[in-house]
Structure formats: structure tokens, C-alpha cells
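Some notes on the structure that comes next.
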Protein chains: 2
Amino acid sequence: MRDVSEASGVSEMTVSRVLRNRGDVSETTRIKVLEAARTLGYVPNKIAGALASQRVNLVGVVIPSLSNLVFPEVLSGISAELDETGLQPVVGVTNYSPAREESVLYEMLSWRPAGLVVAGLEHTEAARAMLANAGAPVVEIMDVDGEGVDSVVGISHRRAGLHMAEAIVASGYRRIGFLGTKMPEDHRARKRLEGFREGLAAAGLGIEDTEFYSGGSALLKGREMTEAMMRRSPDLDFLYYSNDMIGAGGLLWCLEQGYDVPGRLGLAGFNGVELLQGLPRRLATMDSCRREIGQRAAQIIAARACEGASADAAPERIELEPVIQPGDTIRPPSRG
Amino acid sequence: MRDVSEASGVSEMTVSRVLRNRGDVSETTRIKVLEAARTLGYVPNKIAGALASQRVNLVGVVIPSLSNLVFPEVLSGISAELDETGLQPVVGVTNYSPAREESVLYEMLSWRPAGLVVAGLEHTEAARAMLANAGAPVVEIMDVDGEGVDSVVGISHRRAGLHMAEAIVASGYRRIGFLGTKMPEDHRARKRLEGFREGLAAAGLGIEDTEFYSGGSALLKGREMTEAMMRRSPDLDFLYYSNDMIGAGGLLWCLEQGYDVPGRLGLAGFNGVELLQGLPRRLATMDSCRREIGQRAAQIIAARACEGASADAAPERIELEPVIQPGDTIRPPSRG
DNA sequence: TTGAAAGCGCTAACAA
DNA sequence: TTGTTAGCGCTTTCAA
């Protein structure tokens with residue numbers, strides 16, 4: 001900035017004011033400064049600015065993975081929403097490891113971000129403590145089944161599973177298999193499964209067979225697991241998949257095998273991914289509201305960051321309602 | 001830090017040394033400081049640290065989109081590689097807009113990042129100037145067809161298109177349609193198409209019909225465009241898609257219609273996405289080396305950032321070789 | 001092995 | 001409308 005100040009013959013303070021559109025500056029000096037800045041290719045140093053003003057335009061976003069389509073979509077919602085506010089997302093990936101989450105959080109907090117968006121409600125004790133003392137708005141996203149540190153935006157995965165179970169039962173299916181990921185740290189998938197079991201139990205039913213995978217092409221795994229399960233338990237009349245990709249793989253396999261879907265065999269996934277629209281049949285699913293979750297979380301951060309209302313603002317708690325999209329792979333509910 | 005210093009009865013300077021594992025510090029004080037830091041929940045302020053040391057552990061990553069599967073994969077490669085180096089990616093999304101790219105770059109440079117990874121070689125003049133004067137290693141990724149500002153890691157999309165054309169011609173296909181995105185700013189898709197035309201021209205052929213889309217579910221668009229094209233130009237014997245998702249949609253449609261694939265009609269996409277593995281037939285494609293591109297770019301940044309060898313290090317230029325994966329939707333080359 | 005002084009590049013607060 | 005002063009929280013450099 002010193003250079004700009006000298007080149008324009010204006011004090012550093014006034015240069016600073018021009019560059020931030022702050023305070024009253026005469027049009028004459030404004031132009032002088034801007035011109036000097038441009039010809040010098042001056043880029044302000046936000047590190048110094050942030051240190052001096054105690055204001056940072058960075059928002060930390062902590063997610064488990066980038067490979068799982070779902071998180072880029074959330075991130076995309078966040079990024080789009082923040083764009084208009086001058087805030088910048090900084091992404092940290094935990095690979096579903098609580099320990100890594102802890103260190104990613106520590107790293108982020110050392111930049112004194114304007115806000116923090118973290119996937120999930122389950123954290124180590126140390127991570128929770130950091131979030132509680134972050135001195136910035138924190139939004140935990142994707143899940144509302146549990147206690148948040150500050151604000152929470154998400155859906156109830158437990159109820160998502162429950163409702164899907166009810167829909168399946170209402171359609172007259174009785175012998176049900178479950179296929180999912182082998183991920184002890186995927187708490188949302190676990191909660192869906194728990195809710196699902198609960199919903200079946202209410203009708204006196206249970207899951208008759210399960211199949212889990214990890215890694216590899218989800219579409220392919222869906223095929224393989226479906227084949228394995230139907231060979232092992234040919235009497236099943238419904239398969240519930242923990243995500244749409246494996247569900248899509250299962251659907252393709254079933255169609256190739258000539259199964260009567262949804263008559264003889266019903267199928268459902270989870271997430272409501274765009275991909276499903278191009279399949280030969282639309283897989284039943286449930287929208288997980290990913291993009292909207294990202295947007296709402298970003299809005300909360302932005303609102304808190306812009307107003308000086310950090311400490312006194314009450315935590316928000318937004319529960320979105322995932323809706324069942326029956327598609328073509330579940331029978332209509334049986335009457336009476 | 002002042003608190004830690006007081007609580008441990010050690011000078012701020014020594015606290016700083018302990019917290020950074022720098023210089024010789026007696027085990028006694030080390031423990032005292034660490035303990036004080038832990039009980040106080042102290043998180044160092046990297047803003048102040050960066051300002052004082054003129055060192056930042058942030059790496060700017062500028063990509064056009066997060067919705068297009070491809071970029072999260074690149075990002076994932078970058079993130080994985082940086083993890084081990086203590087560097088942190090900061091993502092900026094341009095939505096394929098050169099003007100937005102310019103402002104995202106400006107924003108990033110104001111944080112004085114340790115390095116910059118930018119998708120593509122096409123930038124506004126101002127953006128180029130910023131990159132050239134970034135004072136940090138810059139890696140332009142995905143594309144090598146053109147001049148880079150500093151280092152470049154990618155593939156030749158022109159040659160990718162060219163080679164696919166050669167393979168198609170070699171397999172005896174003659175009446176070829178092209179289906180792609182309607183995106184003037186997607187220079188890589190444009191270059192592939194140019195290379196493709198060139199390859200066909202070398203055999204005295206041309207593209208007989210084209211179809212472009214924008215927005216919506218790529219799989220579904222692939223179906224719709226394929227149907228439209230085959231109704232309009234039923235004599236086509238090959239369809240080249242600018243990405244695998246629309247190719248997959250096209251493949252599903254063709255199979256449903258009972259087309260003899262690859263006998264009567266050949267198909268090929270681009271990217272080599274994992275998804276293809278679970279389709280009824282493997283779509284011919286070409287690996288775009290996305291993850292490796294991200295990794296290599298991150299390696300270059302990391303190497304430059306760690307050594308003090310910023311200014312003097314020669315730019316690297318890494319061209320990866322995409323390989324055709326013929327899958328099941330292109331005939332074997334016809335003999336002699 | 002430890003500490004003291006100076007200052008990184010900017011902005012808040014106040015003065016002119 | 002503009003300028004001056006002080007200092008953000010750390011690290012570099014030098015001295016002890």
C-alpha cells in the first residue's frame with residue numbers, strides 16, 4: 001500500500017479508505033488512488049487487514065469427503081450463497097475420521113474464520129470444545145438427530161428411514177433387505193438404518209438380509225450386492241439401499257434379470273440425485289435437500305457475520321423435510 | 001499467546017518456539033508451555049503469524065464448477081496430496097465466467113497464498129498479469145494445449161479428440177454424430193471437438209450431425225439428445241459424446257431401443273468416470289486423469305513452497321497421456 | 001537455552 | 001475530507 005500511497009501522493013489511511021469504499025473521500029483523490037493502484041497492480045494484503053481489523057472473510061467448511069457426490073453439492077450451495085456476501089469458503093476434508101476432523105478444525109480456527117460449517121453432530125470432545133469457543137457462528141449440517149453446539153441445519157435421518165419403512169409397508173411389501181456402506185463413522189446412514197428398523201418393527205417386521213460394501217464404484221457395487229443378496233434370499237420383495245448410486249446399480253441389475261419391478265420386487269434409495277432421472281425407471285428415493293442445506297447454513301453464517309450480532313444471536317435450528325419420491329420402483333399403497 | 005506466556009511463566013518468544021517446534025527449548029519449559037496451552041484451549045493466530053513470518057499455508061484452487069463431478073475429483077486429489085504437507089486448499093468457483101475468475105483470483109491473492117492452482121489456460125489479460133506477479137508458484141491444470149504462465153499439468157484435449165476420431169475411423173465407422181454441452185467458455189470441450197474434427201478430416205470424413213445442451217440432468221439429456229439425433233439422422237453409425245454422463249444416457253437409450261451396439265451403432269464418451277463400470281455395457285471412453293492431475297499439481301506447489309526455491313525454480317510442464325478405454329461400445333479396429 | 005526489541009501491512013480511533 | 005498515532009498477535013533478529 002505504501003507504493004500506492006506514494007504514487008498517488010495520498011496518505012496510507014486514505015488509500016485504505018478508497019480501497020475499502022469506506023468513509024467520505026473526494027472523487028478527486030478516489031480517482032488518483034484507484035489509478036495508482038491499478039497501474040501498480042496493487043493487491044491489498046488481507047492478512048494485515050484482518051489482523052488490524054479483527055475481521056476475516058473466510059468461512060471454514062468441514063466435510064467428510066469429496067468423492068461422495070453429496071458433499072460437493074452441499075459445498076456448491078454454500079459457495080453460491082456466500083458469493084454475494086464477499087465471504088470465501090475454505091474446505092477441509094476429514095475422510096470420516098474424527099481425529100482428522102479435530103485437526104482440521106484446529107487448523108481452521110487458527111485463521112479466525114467468520115464462521116464454521118461442519119457436517120454432522122458427532123465430534124470428539126476436543127472438537128466440540130473448539131466449536132463452542134470458536135468465537136464465530138457455527139452451523140452443523142445434514143443431520144438434526146442430536147444436540148448441536150450452535151445452529152443446526154439438516155434433516156432427520158432417523159425419520160427419513162422411518163418414513164421409508166412406513167411407505168414400504170403401506171405398499172404391501174413384507175420381506176425386506178437392506179444394502180449399504182460399511183462405514184462405522186457414517187452416523188447419518190446409521191441413523192437412517194435405525195429409523196428404518198424402527199418403522200418395520202412397528203409393523204411387526206424386520207430386515208431379513210443385509211449387505212455392506214466399501215470403496216469402489218457404487219453403481220457396480222450395487223449390482224454385485226443385489227445379485228448376491230437375491231441369490232441368497234430369493235424371497236425378498238423389497239430392497240432398501242442406503243444411497244441412490246447403489247440403488248441405481250441394483251435397479252439396472254434387476255431390470256436385466258427381468259424382475260417385475262415394482263410388482264415382484266420393490267426398490268428404494270436415498271438422496272434424490274439428479275442421475276436417477278435418466279435411468280430406464282425412476283428409482284424411489286427421498287430428497288436429502290443437500291443444496292438447500294448448504295444455502296441455509298451459509299445464510300446463517302452470512303447474517304451473523306454481517307451484523308455484529310455474533311454473541312447475542314440465538315442459535316437457529318432448521319429441520320428440512322425430505323419428501324418421498326416414489327418414482328417407478330415402489331407399488332402404490334395398498335388400500336384399507 | 002500472551003495468556004499462555006503468563007500462565008507458563010515463559011516469554012512469548014519461547015512459547016512461540018515451543019508451539020512451532022523451532023529452535024532449542026529445554027524439555028522442562030516445553031512441557032510447561034504445552035500444558036498451559038492445552039488447559040487454556042489456546043489456538044495460535046495464523047493471521048498474525050503469517051503477517052510476521054510472511055509465510056502462509058494456504059493454496060488457492062480456482063475451478064469453474066463443483067457440479068461437474070470432474071472438479072471435485074481434481075480437488076480431492078489436491079486435498080489428499082496437500083494433507084501431508086500442512087498446506088490447506090482454499091477453493092474458488094468461477095462458474096465458467098472469465099470475469100468471475102478474475103475477481104476470485106484477486107480475492108485469493110490478497111491472502112498471499114503459498115501457491116495457486118487454476119483450471120485451464122484461458123484467462124483474461126488482467127488475470128494473467130495477476131498470475132504472473134503472484135509471487136507464488138502457479139499451476140494451470142487440466143489442459144496443455146496452449147501457453148501457461150508458470151507450471152502446467154494436464155492432458156491435450158485436442159489430441160484426445162484426435163485419437164478418438166482415429167480409433168472410430170479405424171473401427172470402420174463412417175457417419176458420425178457429436179453431442180456435447182453448449183458452453184462457449186468450456187475450452188477443453190471445444191479443443192476436443194476441434195481435434196476430433198481434425199481426426200475425421202484426415203480420413204476424409206466430417207461430423208454429420210451435432211446436438212448441444214445446457215443444464216439439467218446429464219444422463220437424461222443424453223437420452224433426449226440421442227433420441228432427437230437418431231430420429232433426425234437415422235443413418236449415423238457412431239455417436240461421440242463430450243462427456244461420459246450424457247454418453248451413459250445415450251447408451252441406456254440405445255440399448256432400450258434395441259440398437260445393436262457396437263455393431264450397428266458405436267458410442268464413446270469422455271472422462272473415464274467410475275460410474276461407467278456399473279452400466280449394462282461399458283461405454284468407450286478416455287481417462288482424463290483428473291485425480292492424478294490434482295495430485296501432480298499439488299506436488300509441484302508443495303515442493304516449491306517447502307524449499308525456498310520459489311523464484312528460481314523452472315516451471316514444470318507435465319502432460320499426462322489419456323488412454324482410450326474401448327469398453328463394449330466400439331467395434332474392434334477393422335483389419336488392414 | 002532464553003529474552004528483548006522491532007516490525008510485518010494494514011485499520012480503528014481520534015485529531016485536524 | 002484527510003492525516004496521525006497506535007497497535008492487531010505473532011516472528012525475526014540479535015543479544016544475553
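Below, read A as the first sequence line, B as the second, and so on, with proteins coming before strands; counting in each chain starts at 1.
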(message) What is the first contacted nucleotide of DNA chain C and what is the last, in 5' to 3' order, if contact means an atom lying under 4.0 angstrom from a heavy atom of chain A?
(response) dG9(C) to dA13(C)
(request) Any chance you could list the contact pattern along nucleotides 10-16 of chain D? Use B for base contacts, S for sugar-phosphate-only contacts and - for none, protein heavy atoms under 4.0 Å, 5' to 3'. (result) BBB----
(message) Quick check for you: to the nearest 0.5 Å, what is the distance between R190(B) atom CZ and D186(B) atom CG?
(response) 9.5 Å
(request) Please round to the nearest 0.5 Å and tell me the distance separating atom CD of Q88(A) and atom CG of L58(B). (result) 10.0 Å
(message) Can you give me the closest heavy-atom contact between G92(B) and M108(B), atom names plus distance?
(response) N-CE, 3.5 Å
(request) Indicate the atoms forming the closest heavy-atom contact of V56(A) with A50(A), along with that distance. (result) CG2-CB, 3.9 Å
(message) Would you say S26(A) places a side-chain N or O within less than 4.0 Å of OP1 or OP2 belonging to dT1(D)?
(response) no
(request) May I ask you to decide if E12(B)'s main-chain N or O and S16(B)'s side chain share a donor-acceptor pair within less than 3.5 Å? (result)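 Such a contact is absent between S16(B) side chain and E12(B) backbone.
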(message) Between S53(B) and G49(B) (side chain of the first, backbone of the second, donor and acceptor by atom type, cut-off under 3.5 Å), is there such a pair?
(response) yes
(request) Please determine if E81(A) and R296(A) form a salt bridge, counting it only when a charged side-chain N lies under 4.0 Å from a carboxylate O. (result)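 Looking at R296(A) together with E81(A), the answer is no, because their closest N to O distance does not fall below 4.0 Å.
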Donor-acceptor contacts, no H, no angles, side chain residues 128-146 of chain A, under 3.5 Å, sequence neighbours left out:
{"unit_1": "R128(A)", "atom_1": "NH2", "unit_2": "L121(A)", "atom_2": "O", "d": "3.4"}
{"unit_1": "R128(A)", "atom_1": "NH2", "unit_2": "E147(A)", "atom_2": "O", "d": "3.1"}
{"unit_1": "N133(A)", "atom_1": "ND2", "unit_2": "A129(A)", "atom_2": "O", "d": "3.1"}
{"unit_1": "E140(A)", "atom_1": "OE1", "unit_2": "V149(A)", "atom_2": "N", "d": "2.5"}
{"unit_1": "E140(A)", "atom_1": "OE2", "unit_2": "H123(A)", "atom_2": "NE2", "d": "2.8"}
{"unit_1": "D143(A)", "atom_1": "OD1", "unit_2": "D145(A)", "atom_2": "N", "d": "2.9"}
{"unit_1": "D143(A)", "atom_1": "OD2", "unit_2": "K191(A)", "atom_2": "NZ", "d": "2.5"}
{"unit_1": "D145(A)", "atom_1": "OD1", "unit_2": "S156(A)", "atom_2": "OG", "d": "2.8"}
{"unit_1": "D145(A)", "atom_1": "OD2", "unit_2": "S156(A)", "atom_2": "OG", "d": "3.3"}
{"unit_1": "D145(A)", "atom_1": "OD2", "unit_2": "H157(A)", "atom_2": "N", "d": "3.1"}
{"unit_1": "D145(A)", "atom_1": "OD2", "unit_2": "R158(A)", "atom_2": "N", "d": "2.9"}

